[in-house]
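This report refers to the structure that appears directly beneath it.
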Amino acid sequence: MKLGTKHNGTRIVHFTDFSGGLNHTLPPEALAENECVVLLNWEYDFSSGVLKTRDGTKKLASLGSNIDQLFYAKNLDLLLVSSGTKLYKYNFDGTFTELGNLSGDKIPVFVEWGNKVLIASGGNLQSTNGSALTTIDTSPVCDYVNVQYGRVIVSKQGDDYLYWSGIGDETNWNFEGTDSDAIKLEVGYKDGGNIIAVKMLSKDVIVFKDNRRIYRVVGVYPNWAVYQVSEDSGLLSRLAAVEVGNLIIFMDRGGMRSLNTVFEYGDIKVRDIGEKVNRWLKEFTPEAVRIWHVKPKGQAWVRIKNSEFVYVFHYYNGAWTAFKFPKKCCAVTWIENTVYLALENELYRMDSTLTDDDGEDIQARLITKRIHPSRQFLLKKGKMFYQGISLGTMNLKINKLNKNLDLMPSGDIAYYDDDIAYYDDDPVCQQESSLVQFKCNHRIPYLQPELTVQSGSIKLLGLILEVVEV
């Protein structure tokens, strides 16, 4: 939002920068020019950074019970689906094939290992190649699995130890053999806490413990070193942290945090990345908290309750928005640029070609910051610029002004005129983008536009209003 001045007291107000995202911390009058009170079902276009209505979803298949986890194994072109203690694969034709029973009763963690996928669910380690599910009875009981330096690494919530398999062999858990056999390491000796979750950051192992301490394990056996990174950041649950490039994004009772790369650990870089939304995130249900990395969109999704809402962190610009799906979001993964998500017991795909939720219109709502005049505003006219992705309708509300507008598809953004169109006859936008103009004569106590896209999909380029203080 930019407030300019014209002769005779007329002002031109620009709402053309929404890059600051949501801010639930400050009152509407105190927000920054690029922040909003509400951004529901909006996201930032990954290529241009322009605000757009979120992609739609298409139902692919239904399972008999709620889906807990999704994992795509690229080497095998295998989409694994877990539900309760059952493991399935999706056949990409609307059907599932049951692979067997998980060894534990926790939501599983997966990792690719050669031509297999390894699975940790709270029992013994398991593996699958997509046709059979095998249990490795000699492994430690585990609910986390990853791969490091040619070994499989596992851990279990409530334990103090990390366990590595023999080199190159996920079935070798002989801890009494040679250096090439299995090895283990106690993390946080006698610190009074147990492991709650383990993550990888670069080449290091990051261990979260239930006494609010975070440790970093560096090096290779036998030249290990364990460092304490933080003693006041308590992870909510084993599924409340996710690896995002050179960050780990996680949630504790204070809100969203990030743990930066090893180059900054000397300065203990645990950062608050949710300061604008933590007020709302504190209303969480601990056992329902999930965080997913949605790499094709440059996003991390945060579910805080068993509901259809997720908060969305756009980590490339540090902004937050929110999504609302038709049903509770339970699991997320992706294949190239297509996102797959589980809404309760149904599997959906999500991509830029979709503009509704399986035939149901997506309601996208935006409310800007609030601007108060010294007395009142007289709203005279306005212009809204957008790139239409599909046919639809939208509503613009500014106090007494309430306009229903048809949404028309258009091409790429082509708005380059630096002049204010009210002052001259230059074209405001080229044919590829759309322009909505309106005139009015409304007295309003404050200025706070509210835009609702009721159907269809757009990229929002800006709203320009002409007002006079009276």
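Excluded from the calculations below are hydrogen atoms, water molecules and symmetry mates; all remaining heavy atoms, backbone and side chain alike, are included.
Heavy atoms only, all atoms of each residue included: L343 and P326 are closest at CD1-CD, 4.0 Å. Minimum interatomic distance between N174 and D181 (heavy atoms only, all atoms of both residues): O-CB, 3.2 Å. In terms of heavy-atom proximity, R238 sits nearest to Q157 at CD-OE1, 3.4 Å.
Judged purely by distance below 3.5 Å, without hydrogens or angles, the side chains of D169 and T171 pair a donor atom with an acceptor atom.
Contact check for R213 versus Y215: side-chain heavy atoms found under the 4.5 Å cut-off. In this structure, V289 and M251 have side chains that are in contact, with non-hydrogen atoms separated by less than 4.5 Å.
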Identify every side-chain donor-acceptor pair in residues 330-340 under 3.5 Å, counting partners at least two apart or on other chains, and give the distances.
none

Under 3.5 Å, side-chain donor or acceptor atoms of residues 112-120 against the rest of the protein: list the pairs with distances, not counting sequence neighbours.
residue: E112; atom: OE1; partner: N75; partner atom: N; Å: 3.1
residue: E112; atom: OE1; partner: N75; partner atom: ND2; Å: 3.3
residue: E112; atom: OE2; partner: K74; partner atom: N; Å: 2.9
residue: W113; atom: NE1; partner: E170; partner atom: OE1; Å: 2.9
residue: K116; atom: NZ; partner: E170; partner atom: OE2; Å: 2.7

May I have the step-by-step check of side-chain contact (heavy atoms from CB on, under 4.5 Å) for M384 and M394, ending in yes or no? CA-CA 12 Å; M384 187 173 73; M394 55 186 172; 3.0 Å; yes

Step by step, would you call D160 with K209 a salt bridge (charged side-chain N to carboxylate O under 4.0 Å, His left out)? CA-CA 9 Å; D160 274 335; K209 303 195 76 174; 2.9 Å; yes

The test is salt bridge (charged side-chain N to carboxylate O under 4.0 Å, His left out); show your working for E35 and K276 and say whether it passes. CA-CA 10 Å; E35 295 174 342; K276 293 182 180 181; 2.8 Å; yes

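For the pair S233 (side chain) and S230 (backbone), a donor-acceptor distance under 3.5 Å is absent.
Seen from the ring of Y348, K58 does not count as a face-on cation partner, given the 6.0 Å and 45° thresholds. Geometrically, K184 engages Y161 in a cation-pi contact, judged by NZ or CZ lying under 6.0 Å from the ring centre and within 45° of the ring axis.
Residues that satisfy the side-chain hydrogen bond (donor to acceptor under 3.5 Å, both in side chains) test with Y88, not counting sequence neighbours, are absent from this structure.
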